[in-house]
Structures are given as structure tokens and as C-alpha cells.
There are 2 protein chains.
Amino acid sequence: MDTLETRELRYFIAVADELHFGRAAERLGIAQPPLSRAIQQLERRLGVTLLDRDRRGVSLTGAGEVLLQEGRAALDATTAAVRRTRRAGGADGPGDHRDRLVLAVKAGAFHELLDKLLDAYAAEPGAAEIEVLPSGTCEQEEMLRDGRADVALMHTPFNSLAGFESVELMTERQVAILPARHPLAAREMLSLAEISDVPDLPLARWARHGTYPPGPGPEVHDQTQLAQLIALGRTMTVFPESARTWLWDEHAAVPLSDAPLVSTHIAWPAHSRSRALAGLVRTASRL
Amino acid sequence: MDTLETRELRYFIAVADELHFGRAAERLGIAQPPLSRAIQQLERRLGVTLLDRDRRGVSLTGAGEVLLQEGRAALDATTAAVRRTRRAGGADGPGDHRDRLVLAVKAGAFHELLDKLLDAYAAEPGAAEIEVLPSGTCEQEEMLRDGRADVALMHTPFNSLAGFESVELMTERQVAILPARHPLAAREMLSLAEISDVPDLPLARWARHGTYPPGPGPEVHDQTQLAQLIALGRTMTVFPESARTWLWDEHAAVPLSDAPLVSTHIAWPAHSRSRALAGLVRTASRL
DNA sequence: GCCGTGTGATACCCGAGAGGTATCACAGCG
DNA sequence: CGCTGTGATACCTCTCGGGTATCACACGGC
């Protein structure tokens, strides 16, 4: 028996997340006893203790940590399989098979490149239909992994390309975006050190999976909000140079001498082999 | 219901492989009717036709192709989860948790580098135990994917690094290895064109997943066999330069001017985060 | 035309096992 | 010492995965 049912995996992950059988069972929509039993069976079949239950709570063993990690990846892979299969079969009237790709892009970023890409690809013969899926900050990896997207535009060093295939499309410097009437806006060039602790201009903090990094700056979760706060002289931020296209009159962009370069890549799951995807990548790398 | 049980996935993959319900059922060790029913249920739940059954055999629809592809990846991921969990828990006596890594290496290749790596790593404080797993030609990717190995030494362009994280360890030229007494052995340099159709020295063909590429040369499946055939003046082959360490007196190695460079990488699944693995990679990249 | 043959689908039955409820065992705590 | 909150156990139910027997249908040979 080296089989591991998806259901068991879901159960284990719920327990490992909650570290509490009752809450995990509730989250799964079942009662607690069957869940306890299922986990025991799983441990027996694997021949491994996954959880230490010592009154006062549950904790993961080393093997449990491994299964949580690997199991998450496996579960993502199966939900991805379901999603992509459904998408492939949706419009699958025989004969009328129109390919469709879902492209994940960080919401509001890189309009210019995206426009060019979509136009160029649409002009290709036999181009598939591209659905652009706006994603939250740094959520593209997750979307590729769980099948909500087929391909994504990612930005190093913010996104990690680990586990995907990718082609680099462009590289650019970063600029500080600050209120036009602030003294620093007159500078030709700034360094990270110079902007990291300006008392009246704390760096804005972006939402990431619903939580915000610590710091003094205001919490923002979309670009418009951020633009407004900058225009009001309340905050500043750092962006890739191409952000210049959406700046307001009240904004100023000053190049940063020592900020890491930002590269834009088109990335896709390593095992993808679809014709439509190959075409899109080819188009992108010719831009 | 967007769930997909591992069992259903196994069943579908068997049918998609065999394109025949009877044989697939036999391979799965169940009877044919339950298999038919399971696939029907699967199609109904996904809301997608996966197979075209038109008397005279079964064929995959577009959606079926996608599920085959994605499902294989998902199934590999779950068997990997099981294998790695079992490994992590095997010696998991509480308190005596000794890490263990399985390193896949192409059998017989790169002894020199491997020796150095293992020695250097063993000297590290808190080093895990490394089990070296000899793998067939170009089988390392598969072993990483299905969890038989945790980390691998790979050789581009023969292995694909797609889907893994990796660090390059060395790059080298390739050499033609031929009988010392053959006229070509006296040359300073050779080109691929010159060696590709020498009538009395056809290139040897390596087994790959049990099958051999077509061609006139002899079929070999291990290095000793190959060495012997070359010594006998019956064949020749192309190898990375570091192969020089195992050459016999009867062999000659002549650099190739236009063969692709071979890079050795240490590679691991992108989601791995173990301390032991990080240590091994750090050691390797310092060599 | 008709009848064997091979295919997948259908009908029906049975038993394992997933899930429910009630309860236990035990650690902490006032 | 009982109360509370935790996971484990006991036991019941009934779904559903799997088996056997059979059907429906397309082919090929005659």
C-alpha cells in the first residue's frame, strides 16, 4: 500500500494547519472522530508518526513537516489538474476546439508590455484566446501551481521562478516615486539608504496575503490608493521604471542608484507542452 | 465537488496509457466493469469528456490529453510525498533524528566531482547521511519528481533542469573517445561531422528507458561494456572531458571543436526547504 | 445475409469502509 | 473534586467500490 488518497491528504493538511482535531474537522465539514481515525489509519499505512499528541495540543513531527510540505505540493498539483482539464474541456464541442490560456499578471502592473504582448500574439495565425487574470501582490506563483493560471508575467526579485520554466522579457531599474513638491523630488539620483528613513515620508506597505509587513508607513492594497497618498505627500514608494506611465502630475520619479534591478519574465509550469503556450512564449520573447 | 481522488487518477492514467479498458483493468488488478464506471463518474464529475469510445478502440480528447499530462505530474507528486515522508520518519526515534538525503547520480559518471562533494560535505558539522542512488541514463529528473531521490547531479544538455532549482557546479568540453590505434586518434581536434559517419567506427547507442535509439552502432547499457567495445576497436563515443579519469590504455580522447558544452548542476525540487539539502548545496557550490 | 469475436456498457449483488452519535480517558484548573 | 476541553474508542448506518453475469454493437469470415 504506497497509495495516498487525496482525501487523506486534505485531512492531514487541515489538521497540520490547525494543530487541533476539532477545528480541523469543522473546517472539513465532518465530525471529529472520523478525522482522528483517518489520521491514525494514515500513520499506520505510512508506518510513520506524523503528529505528537500530548494533551495540551498537537504538534508536527519531522515526518509530519515533510508530509505537510510535499502534500501541499501534491494537492496543488491535483487541483491544478482538475482546473486545467475543465478549462480544456469546457468549449470542447467536437471540431470547435478553441484553445484558451489564462495569463496571471500582477494587477495594474506593466500595462505597456502586456498590451504589446497581447496585440502581437493576437496577430499570430491560430492564436489562442488569452484571458488576463489580475493577481494580488506576488500571487502568481500560487496561481500557476494550483492551476488557476496557465502562464504568468513575473517580476524578479519579487516573484520566485523556482519550479517554473521562464524566459526573460526585459530588465529595468527601479525609481522612487514621491510627491513632486517634496525636497527629495528635485534630486537626480537617490540611494536606498537616503529614502529608508525620511521621517515625513515613510515607505508605503503593500498587503500580501491579507497581512501587512511591519513598519511606520500607511497600509495600501491598490495602486490608486497609493497614488493618492503619494500625491497628498503622505508616503512614497519604490517601483520599476516602467511605472512612469501611470504617474500623476503631483508625482515625481527619481532613479535609485542601488536598488536591485527588476526583470520581467514570462513563466509557466515546467511540464506544460501545449501548442498555444509555446506560441505565446515565442511571441513574448520576440518583443 | 472539485476533488479528484488519487484512485481515479490512477485509473484514468491506466486507461489513457493502454487505450483499452480491459488491459487497463488487468494492469490495475480490478475487473473491467468497475473501471468503466469509475471513468464515467470521473467524466460526469469533471463535466468533461475525456475519452472518445467509438467501437474499434478508445482515444483521448483534448481534455483527456491535458488530464493525462497534469494527472501524471500530480500522481508523481503524491507518490513523492509518500516516499519522502516515509524516509523522514523511518529512523524517527524521538531524539535520534538523523537526516538522510538520497542523491541521484548517473551511474558511473563524474566520480571525481562526486568524491570531492561527499568528502567535503561529510566534514561539515551536522552533516546528514547521504545515500548515493545510481540512476539510469537521464533518469534523474524522474527520480526527483517521484520522490525516489531528494537531490541529483544533472548534466545539461542531457538532463532538463525545468521544474527544479539548481546550481551550476562545472562546465566542460566534450571529447571523442576512440580506440588508441585508430587513425583518427592521432588528431589534435575533431568535429562532430567528422566522427558522425566513420564506417568502421559507428557511434555506440545507449539504452534509454529500455529502448535504444536507431542507428548502426552497437547497443550498450553500461560503461564497462562500452569501454571494452572501444578498446576492441568496434565503436566510439562522445563524453564530457572528465571521463578521461576512467580511460584505458587502449583508449584515446580527442577534443571536439563543435560539440555542445556539458554543465554539471546540482538540482532539487523547487519546494524543498530542508536544512540538510541547503547544507549540501552550499558545500557543492563552494567546490 | 448470419454467426463468432472482441469491445465497452449495464444490471445487480455484496461487503468494506467512511461518516455519524454517544461516550470514554485524561490533563488542567478553580 | 467536579468542570472543561481535548483526542480516542465503541458501535451503528449506509454509501459506494468492486465483483459476476449479461447486454449491445461493430467487425470479420463464410
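Order of the sequence lines sets the chain letters (A, B, ...), proteins ahead of strands, with each chain counted from 1. Model, not experiment: these values are computed from the prediction.
Side-chain N/O atoms of B:Thr78 and B:Thr6 include no donor and acceptor closer than 3.5 Å. Inspection of the B:Thr61 and B:Glu65 side chains reveals no N or O donor paired with an N or O acceptor under 3.5 Å.
Comparing the helix axis at one end of the helix from C:dG1-D:dC30 to C:dG30-D:dC1 with that at the other, each defined from 5 consecutive pairs, gives an inter-axis angle of 10° (nearest 10°).
B:Glu70 pairs by the side chain to side chain donor-acceptor pair (under 3.5 Å) definition with A:Arg84, A:His271, not counting sequence neighbours. For B:Glu124, the side chain to side chain donor-acceptor pair (under 3.5 Å) criterion is met by B:Arg286, not counting sequence neighbours. B:Ala278 pairs by the side-chain contact (heavy atoms from CB on, under 4.5 Å) definition with nothing, not counting sequence neighbours. Under the salt bridge (charged side-chain N to carboxylate O under 4.0 Å, His left out) criterion, A:Glu43 pairs with A:Arg53, not counting sequence neighbours. The salt bridge (charged side-chain N to carboxylate O under 4.0 Å, His left out) check on A:Asp76 picks up nothing, with sequence neighbours excluded. With sequence neighbours excluded, the residues satisfying salt bridge (charged side-chain N to carboxylate O under 4.0 Å, His left out) with B:Arg275 are B:Asp99. In this view, B:Glu26 satisfies the salt bridge (charged side-chain N to carboxylate O under 4.0 Å, His left out) rule with no residue, not counting sequence neighbours. In this structure, A:Arg205 has no side chain to side chain donor-acceptor pair (under 3.5 Å) partners at least two apart in sequence or on a different chain. Every residue two or more places apart in sequence or in another chain was checked for a side chain to side chain donor-acceptor pair (under 3.5 Å) with B:Gln69, and none qualifies.
B:Ile39 places its CD1 atom 12 Å from the P atom of D:dG17, with the value rounded to the nearest Å. Atom CZ in A:Arg53 sits about 16 Å away from atom P in C:dA27, given to the nearest Å. Rounded to an integer number of Å, the gap from B:Leu50 CG to C:dG8 C1' is 16 Å. With rounding to whole Å, A:Leu51 atom CG is found 16 Å from D:dT6 atom P. As rounded to whole Å, 15 Å separates atom C1' of C:dG19 from atom CD of A:Gln40. We find that CD of A:Gln41 is positioned 12 Å from C1' of C:dG19, with the value rounded to whole Å.
Within residues 4-23 of chain A, the residues having any heavy atom under 4.0 Å from DNA chain D are, by residue number, A:His20, A:Phe21, A:Gly22. If you check residues 28-37 of chain A against DNA chain D, the residues with a heavy atom closer than 4.0 Å are A:Gln32, A:Pro33, A:Ser36, A:Arg37, listed by number.
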